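One structure below.
Note that the structure is predicted; figures quoted are calculated from it, not measured.
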Amino acid sequence: MAASYPDDFKCPISLEIMSDPVILSSGHTFDRSSIQRWLDAGHRTCPITQLPLPENPSLIPNHALRSLISNFNPVSLFKPFLPHPPPQTLISILISPSASLDSKLDCLNQLARVSKRDSVMRRKLTESGAVSAVLKCVGSDDPTLQEKALSLLLNLSLDDDNKVGLVAEGAIGLTVAALQARSPDCRAVAATMLTSLAVVEVNKATIGAYPYAIRSLVGLLRYGNNREQKEAATALYAICSYPGNRVRTVECGAVPVLLEIANSGLDRAVEVLGLLAKCREGREEMQRFHGSMEILGRVLRNGAPRGVQYALLTLSSLCCHSERACVEARREGVLGICMTLIDDDNEKIRANAANLIHILRGNNA
């Protein structure tokens, strides 16, 4: 059955269909378990490009690809082939002032189907002017048309070569506007779109500098449903891997919201806190929040491995710069928790726990 899936759905390391695709800083996507084994073995190069990676490589969830894989039906490959209109015909309908809403929705559905699993078709669509036509639909007042257009843009953004081009054509502004859409699903897809665009380093700075981009994502964290919160946190994590965006995110009031969400069990919020704790403004906000140490200690006790890893990083940043933070951390029993974590199966958790123990003991001396 795996042979019937597109090659884009298969991990370059295991050659199996990916269950949890993540994007490495090199821009290539791997199944999380496969690339984690590669990194845990001590490799610090991309398996495909062989270019060096950072000391602690980020693994950004590729929600767009994961959704495509989960919704893909291999049985459809064995159905009789039904010809579809040429892309240029579908694009013409999208930009036609006289075309009905139903006809535009049908066009978007057809374009989404052909672009979902075919990288050649995605390239043809971008070369034939599809992006500007789809962006017009993203700017529509109709929530269904807006959501389907955003989903098609996500398909097109799967190819790294398209990400910069999408930004050049104005995708960021319309995607940010869609974060304020009436439909929760539309808002969630818009956040995922920003995550996809932010895989390219130059786009991170562009998104962060765009008016209301970060502020709108923080708004989704504060008022959105569970899916919106997850997608907004993932987008902020991708954007804040660029240091220049961290202070902007703190200034938009992200820290208290992230701590509250982390307290409710969303480990992805802790990942963002780990990045924000690298800047002075972020650390100061965390220390001003009553109960921040208690929340981070709770994540250490009950969180998933990635949440624990980033809680340790956050605490290390706080305690390394503040004796008061060290006192509060010891009071919350963080030192004892770290002693149990130095035997954890996860290499990063062991290393981060050992580092935090060293900081706490050093400041206690």
Using side-chain heavy atoms (C-beta onward) and a distance below 4.5 Å, is Leu53 in contact with Leu39? yes
Say whether, by atom type as modelled, one donor and one acceptor occur between the side chain of Arg324 and the main chain of Gln287 under 3.5 angstrom. yes
Calculate, to the nearest 0.5 Å, the distance between atoms CZ and CG belonging to Arg113 and Leu152 respectively. 11.5 Å
Tell me every residue that passes ring pair (Phe, Tyr, Trp, His ring centres under 6.0 Å) with Tyr242, counting only those two or more places apart in sequence or in another chain. none
Pair Arg283-Ser322, side chain to side chain donor-acceptor pair (under 3.5 Å): steps then yes or no: CA-CA 9 Å; Arg283 293 191 296 272; Ser322 168; over 6 Å; no
Please check if the side chain of Asp31 supplies one atom and the backbone of Ser34 the other of a donor-acceptor pair under 3.5 Å. no
The criterion is side chain to side chain contact (heavy atoms under 4.5 Å, CB included); which residues satisfy it with Glu285, sequence neighbours excluded? Val250, Val255, Pro256, Arg288
Among Leu360, Ile359, Ile357, exactly one meets side-chain contact (heavy atoms from CB on, under 4.5 Å) together with Ser316. Which residue is that? Ile359
Measuring from Leu174:CG to Glu169:CD, what's the distance to the nearest 0.5 Å? 11.0 Å
Would you say Ser317's side chain and Leu313's backbone share a donor-acceptor pair under 3.5 angstrom? yes
Six-ring centre of Tyr212, Arg248 cation under 6.0 angstrom, axis tolerance 45°: no
Does any non-hydrogen side-chain atom of Leu59 lie less than 4.5 Å from one of Gln36? yes
If two hydrophobic side chains count as joined below 4.5 Å and joins carry through other members, does Val22 share a cluster with Val272? no
Can we say Arg122 and Asp159 salt-bridge, meaning some charged N sits less than 4.0 Å from an Asp/Glu carboxylate O? yes
Residues Asp20, Arg66: salt bridge by 4.0 Å N-O rule: yes
Is Leu273 reachable from Leu341 through a run of hydrophobic residues whose side-chain heavy atoms are each under 4.5 Å from the next? yes
Ion pair present between Glu201 and Lys204, side-chain N to carboxylate O less than 4.0 angstrom? yes
Linked, directly or transitively: Ile13 and Ile23 (ILVMFWY side chains, under 4.5 Å): no
Using side chain to side chain donor-acceptor pair (under 3.5 Å), reason through Gln146 and Ser140 one step at a time and then give a plain yes or no. CA-CA 6 Å; Gln146 195 176 32; Ser140 167; over 6 Å; no
Assigning hydrophobic clusters by single linkage (Ile, Leu, Val, Met, Phe, Trp, Tyr; side-chain heavy-atom cutoff under 4.5 Å), is Met339 placed with Met293? yes
From Cys252 SG over to Leu221 CG, what is the distance, rounded to the nearest 0.5 angstrom? 11.0 Å
Look at the side-chain heavy atoms of Ile, Leu, Val, Met, Phe, Trp and Tyr, link any pair under 4.5 Å apart, and say whether Ile35 and Ile17 land in one connected group. no
Test Lys10 against Glu16 for salt bridge (charged side-chain N to carboxylate O under 4.0 Å, His left out), laying out the working first. CA-CA 5 Å; Lys10 299 174 184 177; Glu16 300 291 334; over 6 Å; no
